[in-house]
Amino acid sequence: MNQKDNFLKGFVKENPLFVQVLGTCPSLAVTTKVENAIGMGIAVFFVLVLSNLVISLLMSRPAWRDMIKPVRIPVFIVVIATLVTVVEMIMHAYLTSLYVALGVFIPLIVVNCIILGRAEAFAQSNKPLDSVVDGMGMALGYMVALLVISFFREFIGAGTVTIWGNLQIDLSFLFRVIGITPIDMFLKPVGAFLTFGFILAVLAASANRKIQKQKQSALTKEAAK
Amino acid sequence: MTELIALAFGAFIVQNVILTQFLGICPFLGVSTKRSSALGMGMAVVFVILISSIVTRSLYHFVLVPFEMEYMRTIVFILVIAALVQMVELFLKKVSPSLYKALGIYLPLITTNCAVLGTAIININNNYDFVQMLVYSFFLPLGFLFVIYIFSFLREKINYAPVPKAFQGTPIALITAAILAMIFARFGGIL
Amino acid sequence: MKKGLVSGLVLLALGLICGLVLASVNAITAPVIAENEYRAKLAILGEFYDVDDFNIELLELSGAIDSVFLLKNKTTNVLEKAVYSVRSYGYQSDIVMLIAINADMTVDKYKVVSQGETAGIGDVIVGYDFQMQGENIANLDAFAGPSATFSANAVRACFQLVGARAAIDFAGVTPQIVLTINSLVYNLDPATFLTKPFVATITYGETNVQTQVYLALNFAFVEMVNPLDPTPEQTFLTELQLKAQQVSTVSNRTYFSAYDAGTHTLSITTRGYNSANPIVLVVVLNAAEDAVVSITPTSAESYIDSHDYAGTYGATPGIENHLIARYQASQSLDTVAGATVTSSAMIRALQLLQSFLEGGE
């Protein structure tokens, strides 16, 4: 496939969170604020792109590939863990508030199925450039998914949208216009599950409708023959 | 002593690993369709988390800290967990092949279960001493087993309910989890 | 076999490379992280005290108490206060507290820094008055917590942990008793000088309280000059008694021993060589009590019989009368005649008399 499809598939067709349902743990935990979702997205981007690149490079030479193949899972894990630790250390030093907000979920990027999954499914058998593009698409698709969930949770739960640090948009006046207050429940675990479930349901409904339409058009084509 | 009871109670229910801390969601959604596999997975997770917490904490305090290599903890921990899960796999294959087959792909996926690595790291971050770590690492996966078992009951019943097409499968499971989370949240006095 | 070996080597090589990468990144970031944490801790400390007033030493510990700030006096480097960052698990979260202890093991300040307890029930511990301020840290009976049992017990556990640790940090640090004697003089008020011979002006305590006290002949505290002044604590009074004995402005070997306002008669006792039998000067004053009419010495000094001081210096007792005569003639008291100790005793007595005439009521 060409690079454009390679890149875009991570956003809709094979979205890691909404379609493959991978990496769900951080998606429920860090989406209380848009800022945290952006931070997590950037961390996953860094790790996924670099791990795809390194693993693809390692497996590109046939000689190396034969050596690594029997122990490839531990090798992949070590590479990913190293990258995650680097991200963790840099965040701890220079982005301390984000580090505290994301907490234990930064080292847990290691066990984020997306990264190991892409390494196993794509990077080890594709060229480095393709792997990098795939990684970028997947990571950005994941970040978009996180942003969608966190936007809903933060907006309905607190009435604000925190983009980064002090850059906070206060939209609570919209609530006052209707006459209600922001629903605090959405910032709690309950809201996380609810938001995620409803978004998946909406996506499933639209996918079903598309299949219905395709079936209809196939039937009409058959009838027309 | 009361501190340990509070810690156990917190790890089991109040700060429940799935419904409050959001660790272990993937197997929670994936394995909970049948009661037997949920129970088997839960027990395997209890074993893995308890043993891995002991091993990783000992490694951290007796090897990494004296050599000032705390930054190696993520790599060391995940390799220890991977090795441990491999051993559990071999053990189950010999002892209970039916359970091994029932768990299928999800058994090696315990390696990537956020709860296992998460517990190991939380033990370090919270500076627990040995006894506190034992209590925490035992009651936390017990909470996991408890919730996943209850959830499997619910999901079996949902199979017979007239769920709208769009909600079938994962979405309705998540909505059910939301209601469970609401119930468990009351233990903390918050909503 | 060979494949296994190769795989093992691959993993080992990879592990080493990754270790090197991490070590180098760690070398860059670790100092930055340490700096940030130290600054954050100093910021919390700044809520209690002004960090510029002390020399601060930070002990990093592992366990429930993760850091200890030792606040030492800027000039003497003596440990004055210790601030502890301590954590304990409450109902559903770690409660982190900052507790400050004085050198005398009493609680100075405390604050709940972070907690995640139940809203409205457990989180009342933030800002709650646990009645521990000013109490000795070991006196946990004084602790009074809210009805949220788990949360309150966790706070109590924090105090308990700090008490155990504070005993170690303050072991060997004796509290400094800060007391200065600004002046120590004879009490010249005839109404009171018989029972309260000395007046000391002192500055004491951390807040430099200045006050005047009456002292007895053994320099023990008798009472406050101004009854409205607060009495200093016993530790200060003990220190005062010790210090006063080294002051040379007064001598408790010379003092007023009797006074009769009607006959204007004043007795001054002074101890010389034979301190068991002191010299007593009976002084008769004029009506205004600012001039001497007569001084009559009574002395049992041992030399009277063994030396011929009477022959050299006049009527017996020779030294005493000689000095009295010189005093009455010219008020000069700078001659020592013969027996030194006796002379000194006489001179002190006459100096005291002179002070009375000049300043007394």
Side-chain angles (χ1 to χ4, degrees), chain A residues 29 32 43 46-47 50-51 53-101 103-104 106-107 110 119 124 157 184-185 187-190, chain C residues 1-46 60 66-67 85 87 89 91-96 98 113-123:
Chain A
T32 49
F46 183 80
V47 174
L50 282 179
S51 88
L53 178 64
V54 169
I55 288 173
S56 179
L57 284 172
L58 277 178
M59 302 292 262
S60 56
R61 289 235 194 125
W64 288 5
R65 193 188 309 152
D66 290 331
M67 277 201 292
I68 297 177
K69 247 216 159 93
V71 285
R72 69 176 188 284
I73 299 289
V75 166
F76 293 174
I77 288 178
V78 170
V79 170
I80 298 172
T82 311
L83 288 167
V84 169
T85 314
V86 168
V87 169
E88 192 183 349
M89 288 197 278
I90 294 179
M91 262 190 164
H92 196 178
Y94 301 110
L95 296 169
T96 317
S97 56
L98 190 64
Y99 176 84
V100 171
V104 72
I106 300 179
V110 171
Q124 67 166 333
D184 192 50
M185 182 181 80
L187 294 175
K188 301 277 167 30
V190 186
Chain C
M1 178 60 202
K2 190 175 171 226
K3 253 203 173 157
L5 201 63
V6 169
S7 307
L9 280 174
V10 163
L11 270 178
L12 197 63
L14 182 66
L16 283 172
I17 296 173
C18 293
L20 279 173
V21 168
L22 286 181
S24 43
V25 177
N26 186 51
I28 302 172
T29 56
V32 181
I33 296 172
E35 175 79 31
N36 287 345
E37 279 180 0
Y38 185 69
R39 226 179 271 141
K41 285 192 170 150
L42 271 190
I44 297 178
L45 186 63
E60 304 259 13
D66 59 81
S67 36
S85 168
R87 68 170 68 223
Y89 193 80
Y91 178 66
Q92 62 183 26
S93 72
D94 255 348
I95 298 174
V96 181
L98 215 59
V113 172
S114 78
Q115 53 84 32
E117 298 295 276
T118 319
I121 304 175
D123 71 357

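The sequence lines fix the lettering, A, B, ..., with proteins before strands; numbering per chain opens at 1.
What you find for Ala93(A) and Val32(C) is that their closest heavy atoms are O-CG1, 3.6 Å. Taking each heavy atom of Met89(A) and Ile33(C) in turn, the nearest pair found is O-CD1, 4.0 Å.
With a 4.5 Å cut-off on non-hydrogen atoms, Leu22(C) touches chain A through its backbone and its side chain both. Residue contact with chain A, scored on non-hydrogen atoms closer than 4.5 Å, involves the backbone and the side chain of Val25(C) alike.
A side chain to side chain contact (heavy atoms under 4.5 Å, CB included) with Leu14(C) is found for exactly one of Val71(A), Ile68(A), Val75(A), namely Val75(A).
Within the model, atoms CD1 of Ile80(A) and SG of Cys18(C) stand 11.0 Å from one another, a figure rounded to the nearest 0.5 Å.
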All donor-acceptor atom pairs under 3.5 Å, backbone and side chain, chain C-chain A:
unit_1, atom_1, unit_2, atom_2, d
Asn36(C), ND2, Ala93(A), O, 3.0

